[in-house]
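All values below were derived from every heavy atom in this structure, side-chain atoms included, with hydrogens, water molecules and symmetry-related copies excluded.
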Amino acid sequence: RFWAEPYRAPLQRWGTELHDRFLLPTFLWMDFEDVMADMVRAGFAFQADWFAPHFEFRFSKVGELAARGVHLTLRTALEPWHVMGEEAGSGGTVRYVDSSVERLQVKVTNLTAPGLVLACNGRRVPLAPTGTNGEWVAGIRYRAWNPPSSLHPRIGVHAPLTIDLVDRHGDVVLAGCTYNVSHPGGRSYVTFPVNSFEAEARRRARFQPFGHGQHGLGAEERGTHPDYPNTLDLRL
């Protein structure tokens with residue numbers, strides 16, 4: 001594509017959007033569709049639908065919830081993992097990877113009623129419009145587990161995540177769901193799944209379309225981070 005027609009326009013500096021907006025599957029797919037459209041204009045017969053299985057594999061659907069005319073969908077999102085400094089290990093010098101932080105994308109449709117907001121663990125989720133009327137997207141960044149070597153070791157685990165649909169007029173929770181990072185009972189699996197069906201059953205058991213919080217947002221409603229307006233970082 002660029003061999004036939006080099007790109008000579010000035011490059012755009014995205015800044016922190018690369019670690020905010022473009023780590024979410026919805027915005028990433030929109031950008032990918034723009035790339036495919038550019039390839040078609042250049043004479044290459046590409047279709048974005050060809051890569052839909054890759055999208056579903058990389059950004060698997062966690063679960064969905066429908067309540068009060070609002071539809072909520074959770075998907076896994078991208079999260080960069082930091083490489084730690086050198087430490088002494090049993091076999092010599094090692095460098096651990098901090099894989100304790102994960103990210104989810106929450107997509108909400110038909111959220112048009114005034115006063116309805118979304119909360120995660122009592123914190124308001126900063127929903128951003130996608131360009132489709134009544135459709136909103138946000139990222140939720142959280143500490144999934146506490147390894148022996150990680151950044152911010154004093155920040156505890158945020159799982160399970162409780163996502164609530166809150167009516168701000170009465171500050172009451174209308175509906176909610178729960179996402180568990182591991183076994184919903186807090187146990188560890190002692191055997192590997194025998195096949196893909198058991199593995200899928202284990203993954204689906206981690207999402208429960210119930211278990212909302214007991215209270216509304218209260219004093220936990222805070223503003224969005226100026227550098228990451230599309231992400232709720234529970235570590236902050």
Side-chain angles (χ1 to χ4, degrees), residues 11-29 31-32 54-63 74-107 119-126 128 137-163 178-193 199-200 202-203 205-207 220 222-236:
L11 297 178
Q12 182 170 346
R13 187 175 184 87
W14 293 100
T16 56
E17 285 190 75
L18 294 178
H19 285 174
D20 180 46
R21 176 184 178 90
F22 291 109
L23 294 185
L24 302 180
T26 295
F27 295 122
L28 196 62
W29 182 256
D31 184 68
F32 183 75
H54 303 79
F55 177 86
E56 291 293 335
F57 176 79
R58 184 60 185 85
F59 306 107
S60 58
K61 182 186 293 184
V62 173
L74 289 178
R75 284 186 180 273
T76 57
L78 297 178
E79 178 59 42
W81 287 344
H82 299 279
V83 179
M84 306 292 291
E86 295 181 348
E87 300 181 27
S90 59
T93 303
V94 297
R95 299 187 69 184
Y96 292 99
V97 175
D98 183 9
S99 59
S100 62
V101 180
E102 297 182 3
R103 187 179 310 224
L104 287 179
Q105 174 193 268
V106 52
K107 176 186 284 189
C120 179
N121 290 9
R123 297 271 300 277
R124 182 168 182 173
V125 179
V137 167
I140 301 176
R141 194 181 190 198
Y142 61 97
R143 172 64 64 84
W145 62 296
N146 194 12
S149 181
S150 65
L151 295 173
H152 312 294
R154 296 179 63 88
I155 298 179
V157 176
H158 301 109
L161 299 180
T162 302
I163 301 176
T178 305
Y179 172 67
N180 298 274
V181 176
S182 57
H183 193 288
R187 302 178 58 187
S188 297
Y189 294 104
V190 296
T191 60
F192 289 105
E200 179 69 12
R202 290 184 181 184
R203 189 182 68 84
R206 291 159 52 188
F207 176 80
E220 293 298 321
R222 305 173 185 175
T224 58
H225 194 284
D227 294 330
Y228 306 98
N230 301 310
T231 304
L232 169 63
D233 195 339
L234 294 177
R235 304 175 308 160
L236 301 178

Q | R21: side-chain contact (heavy atoms from CB on, under 4.5 Å) partners, not counting sequence neighbours | A | E17, F27, N230

(Q) Could you measure the distance from the CD atom of E79 to the NE2 atom of H19? Nearest 0.5 Å is fine. (A) 8.5 Å

**Q.** Considering all heavy atoms, the nearest A77-P25 contact
**A.** CB-CD, 3.9 Å

Q) Do L28 and L78 come close enough that some side-chain heavy atom pair is under 4.5 Å? A) yes

**Q.** Verdict with reasoning, V62 to T76, per side-chain contact (heavy atoms from CB on, under 4.5 Å)
**A.** CA-CA 7 Å; V62 173; T76 57; 4.0 Å; yes

Q.
Return the CG to OG1 distance between L161 and T178, rounded to the nearest 0.5 Å.
A. 9.0 Å

Q | Stepwise side-chain contact (heavy atoms from CB on, under 4.5 Å) test for E86 and V94 | A | CA-CA 6 Å; E86 295 181 348; V94 297; over 6 Å; no

Q) Short question: side chain of S149, backbone of Y96 - any donor-acceptor pair under 3.5 Å? A) no

(Q) Could you tell me if the side chain of I163 sits less than 4.5 Å from the side chain of I140, heavy atoms only? (A) yes

Q: Applying ring pair (Phe, Tyr, Trp, His ring centres under 6.0 Å), name anything that partners W145, two or more places apart in sequence or on another chain.
A: none

Q.
Between V101 and H152, is the side-chain contact (heavy atoms from CB on, under 4.5 Å) condition met? List the steps.
A. CA-CA 11 Å; V101 180; H152 312 294; over 6 Å; no

Q: To the nearest 0.5 Å, tell me how far H225 NE2 sits from L232 CG.
A: 12.0 Å

Q. Going by heavy atoms in the side chains, are L234 and N121 under 4.5 Å from each other?
A. yes

Q) Would you say the side-chain atoms of T26 and Q105 include a donor-acceptor pair closer than 3.5 Å? A) yes

With a 3.5 Å cut-off and sequence neighbours excluded, list the donor-acceptor pairs that the side chains of residues 179-186 form with protein atoms.
| residue | atom | partner | partner atom | Å |
| --- | --- | --- | --- | --- |
| Y179 | OH | R206 | NH2 | 2.7 |
| N180 | ND2 | R206 | O | 3.1 |
| H183 | ND1 | G185 | N | 2.8 |

**Q.** By ring pair (Phe, Tyr, Trp, His ring centres under 6.0 Å) - contacts of F22 (at least two apart)
**A.** W14

Q.
Counting C-beta onward and ignoring hydrogens, is there a side-chain heavy-atom pair between T93 and E87 closer than 4.5 Å?
A. no

Q.
Closer than 3.5 angstrom, by distance alone: can the side chain of D98 be matched with the main-chain N or O of H82 as a donor-acceptor pair?
A. no

Q. Who pairs with S150 by side chain to side chain donor-acceptor pair (under 3.5 Å), at least two apart in sequence or on another chain?
A. none

Q.
Assess the residue pair F55 and R75 against the criterion (side-chain contact (heavy atoms from CB on, under 4.5 Å)); give the C-alpha distance rounded to whole Å, side-chain angles, the decisive distance to 0.1 Å, and a yes or no.
A. CA-CA 11 Å; F55 177 86; R75 284 186 180 273; 4.1 Å; yes

Q) Does the side chain of R95 come within less than 4.5 Å of M84's, by heavy atoms? A) no

Q: Scan side-chain atoms only and decide if Y142 and E102 contain a donor-acceptor pair under the 3.5 Å cut-off.
A: yes

Q) Distance from R202 atom CZ to E200 atom CD, nearest 0.5 Å? A) 12.5 Å

Q. With a 4.5 Å heavy-atom cut-off, do S100 and N146 have their side chains touching?
A. no

**Q.** Atom of R103, atom of L24 and distance for their closest heavy-atom approach
**A.** CD-CD2, 4.2 Å

**Q.** Exceeds 12 heavy-atom contacts within 6.0 angstrom, atom CZ of F57
**A.** no

**Q.** Under the side-chain contact (heavy atoms from CB on, under 4.5 Å) test, residues paired with D233 that sit two or more places apart
**A.** R141, R235, L236

